[in-house]
Every structure is written in C-alpha cells, then in structure tokens.
Amino acid sequence: MIKVQNLTKTFTSHVKEPGLVGSLKALVKREIRTKDALKSVNLTIEQGEIIGLIGGNGAGKTTLVKILAGIVHPTSGDATILGFRPWERHNDYRKQMSLIMGQKAQVWWDLPALDSFILLKDIYQIDDATYKYNIEFLAETLMVKDQLRTQVRKLSLGERMKIELMAALLHNPKVIFLDEPTIGLDISAQKAVREFMKNYQREFKPITILTSHYMEDIKELCQRIVIIKEGEFVYDGPLSDVQKLVGDEKVLNVTTQEESFKINVPRSELSQKTKEVLEQHSVLDLNIHDPSIEDIIESIMRNGVGAS
Amino acid sequence: MKWWRSVFSMELRKILAYRSDFWVTFLGQTFIQLLIARALWKSVFEAQNTSSMEGFTLDMMTLYYLIVPIGTRMLTGENIGFLSREIYEGTFTRYLIYPLSVFQYKTITYLTNSLFYGFQLMILYVLYHVCYLGDSLGNLPDLVLGVSLFLVASMTYLMMAIVIELLALWADNIWSLMVMLRFFTTFFGGGFIPLDFFPAWATNLLQWTPFPYLVSLPVRTTMGMTSVSDITNGLIILLSWCLIFMMCVKFIWIKGQKKYTGVGI
C-alpha cells in the first residue's frame, strides 16, 4: 500500500540573464528562484491498483514519482510504501520496487542485455529458477529473445524500451513506477508495451503508478487517474467519472471552407450556439458529441476543474 | 554469486568491449610518453655531461617513465568525472534505485579498472626486462609490491576524487577541480619529474601530503628503490589520508543526497 500525506517539494535553481552581461553578472551574484513542485499532496493506493498520473510539463508528476522511488527527498510531509519511507532507501524496499523511465536507460549500454540481467540477478538476489522463468517469460511476451545478446546501444528505441521493461521486472517488484514508458515508440511498439503491462498487471498485481502524455496508455491501463496541475491534485478518481467534471456539456465540431474548430457548449445553450455558428459561417460539416476524455483533461490542465 | 563479483566481471567486460581503446591506451599512450621522456632526459644527461643525476641513470629514468603513465592510469581508475557526470546526466539515479551501496559499487568498478591497468603494467614490466638489457632494476617481488601499493594508492585517490565529484550535488560544474586534482597528483606525486629533483623544502613539505605516496612511492618500489621503512611510513600516511577522505565522503553524502534532484529524468 502507498500512503502519501501532505507531501511538499520545493526546488531552488539559479537564474541567469541572457547574454554576455548576464554571464558576467552571474560570476559575482546569482539570482535564486524557488519553485513549489508539489504542494501538500495526499494519496492512497492499494495493492494491485494501477493509477494514471496526468499533468502537463512541469506539473509535478515526475517529482512525485522521484520521491516515491526514493531518488529525491521531500521538503516536508510523509510517505510510506509497503511500510517503508522511500527516501530512506532501505534495501528491503528497493528490492520490491522498480522504476522505468522512458527517456533514461538503466541497463548498461556497452554490454548485451543478458550481461546486465546477470548483474541484476545478483543485485536483487533472484534465485536461479525464478530468474530462468522470468527471462523466458519476459523475453517471450515482449518478443525480444533474439536481441538479448546484442549490445544494448545497437538496439532500436522500441527494443531498448522492452529491454528496460525486462530489467525492471526481473525481480517481480510489488511497486512499479512507469514514467513515460511509451515515449518515442512507434504505434506498434506502444501497443506491445501496453498489452504487456496489462497482462503483467493482471498476473502479478503490483501497485503501479503510470505517468504518460499519451492518453491511450492511460485509457488502456488505468481505471483510476490523478490529475496534477502546478503541484496540486485537481482530480483523483475513476477515469470513467472524469466526464462529470465538465457537467452537462457538449462539443461542437465545425468545418468551414476556411478552417476547422471546436466549441464546448453547455447543453442548455446548444441549439442557440448551433444556430449562431450556422448563421456566421459557411459550414461544410457540423457534428455534436460528448467531450472526449482527452478534451476534458486538456481543458482541466489548461483551466482547472470547473472552468472548462 | 555475490553482486560485487558480478560488478567486477561486468566492468571487466566493459573495458574489453572496445578493442581499439584497449590497444591505444596499452601501447600507444604508454610508448609515446616513454619515447618523449627518454628523448628529453637523454638531452639533459648529454648537456650535463653526466651518466647519473640525483641517483638516476638514463636507463633508470626510462624505466621510471615506463611505469609512471600506466601507474597513473591505475591510480585514476575510471575516467575523470565518473561520478559528477552521472549526477549531471541523471544516470546516478540507477544506484539509488538498486538495493546496493553506490560507494561500494563505485569502489569495485574503480578497482577493476585499476587491477586491469595493474595487469598491463606487469606485462609491460616483464616485456621491458625481456627485451631491454639495460640496468636490471627490481624483480618480481618488487613488481608485486609496487602494484599492490598502487592499488592502495588508488583507494586513497578514489576517496579524494569522490569528495570532489560529490560537490556536483551543489555546484554546476566541478570539472576544473577534477583537472586540478589530477594535475596536483601527477606533479606533486613525481609523475612529471621524479621528486628527487624537487628542492628539499618542497619534499619536506610534501611528505605530509598524500601526493608522494600516490605515484612516487609505488613507482620507486616497483623499481626496487625503496626500503621497508619507506614503504611502512608511506602506507601509514596513505591509509591515514584514505580514512580522512572516507569520513569526508560520508559527511558530504549525508548532506548532499538531499540536494540530488535526479535532473534529466
């Protein structure tokens, strides 16, 4: 179980004015800027649950993942995962946890994947039978059997991501942090990774926190989502209920000779707004539908809850 | 298998993964440095019209400059910036996620590199004695003792380097500090010119610092030019410094780990 209470993280960074003058000034005095990446957030996740953490760039989702994975210390607040405080980095916690980062390699690039796996076997003290079973199971389901003996740096991005997944799941973690697992992958590789994670979740029931900019990842894998905006949770609940956030609203998709656009309209104003559009534009096509999850989340991230 | 044995084996495979790099560092770098040093010292000996300077003949000087480059490589182990670069790039994160100590891991990878260069040093030393019939300096026990001293020196240098590398948790760039450490180690350790050529006041001062024992002592021991008391005194000072720097590493890490932001991920 994951329990997060009033977790706050503040980062400080140096600011430098552009140009040579700015560089010279910075030699003597530098301005320090403070940013609240997380503002007293609370969260509870049960074993076997998979949640989607959604937010724009710099919203704070990766910071939360970094804290829960034990990489970063929080400024204040508390969190326990399986009874451990993550940033204390107890080995018993780290043996049950895994972090998969789409943009960063954790396996050793200069070596074939199998060499990295042998090292991980010893680091995580995986017994021979489990190791053998997991290598075969993971390589088979991820379809990378032929790539295990190739130097990792020579693999394609999709193949590398699958190797990363293998490396992260070799020790059957009870807690998995998936940070942008499908970033940069082509459609078929994205589908394969999603399908694999779905099956893995069904079979091993770990706690999984998934962050992704791809709504397909979220829709396929998560029943529950947390939307984070400027370090605060603005929604935490079932994905299916997210539509309730925008109330009784419809979307008008309009195509004219010049452009295509869409307008979010309250149901009570629908006929009036449709009439106006038809009068003001030479409309080629017009359709009315419920807002998609992507539309709603985009709107929340831009305007906040209730402002969409 | 214990994880540290796997790390050792993996690091060795990493070193051997690049054949050209292996041969360039093994032969190219060592012999180029050796040839330049021999040519320069030959001129100095000829200009002074002498066969011995500060206890060194030209053949002894040649052997000295054969051992120095590869011994320095043993000392400095992995490439410069091995930890700070990982902090900047965020790959340092992997050591925080895996259930192991980052410093134990780094010590093993570092010593693997040192041992590997130690092995190269032994091959070169034997080759030198087989191929070159100059002054017969040192013998097999001296060689083993010298390489062992280089390994102890590597541990001390590693701790010094980690103290500086960890400053990357606060400072934007510590590259210049690492270059300075390497320069001071080579210069004050007698890597450029043997310490016998330094003025007395400088050697008296340096004897309390770790530098002479990082380079000069292991090189001279390999050449059979040191006494038991030289080695004992050197080891005591070297290990004392190692302990001091280990305590500094512990202190800096306790403070610094809270500053790590995992930038780049």
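Everything numeric in this text was worked out from a predicted model, so none of it was measured.
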Could you tell me which portion of B:Tyr95 (side chain, backbone, both or neither) has an atom closer than 4.5 angstrom to a non-hydrogen atom of chain A? backbone
Heavy atoms only, distances under 4.5 angstrom: which of A:Trp87, A:Phe11, A:Tyr124 has the most pairs with chain B? Name it, please. A:Tyr124
Is the ring centre of B:Phe103 less than 6.0 Å from the ring centre of B:Trp253? yes
A:Tyr93 portion near chain B, given a 4.5 angstrom heavy-atom threshold: neither
Sort A:Leu111 into side chain, backbone, both or neither according to what part of it lies under 4.5 angstrom from a heavy atom of chain B. side chain
Could you check whether B:Glu165 pairs with B:Lys106 (Lys NZ or Arg NE/NH1/NH2 to Asp/Glu carboxylate O, under 4.0 Å)? no
Salt-bridge criterion met for A:Asp78 and A:Lys3 (N-O under 4.0 Å): no
Verify whether the ring centers belonging to B:Phe245 and B:Trp241 lie closer than 6.0 Å. yes
Other residues, nucleotides, ligands: >12 heavy atoms within 6.0 Å of B:Met246 CE: no
Where does B:Phe92 contact chain A at under 4.5 Å (heavy atoms): side chain, backbone, both or neither? neither
Is chain B contacted by the side chain of A:Gln151, its backbone, both, or neither, given a heavy-atom distance below 4.5 Å? side chain
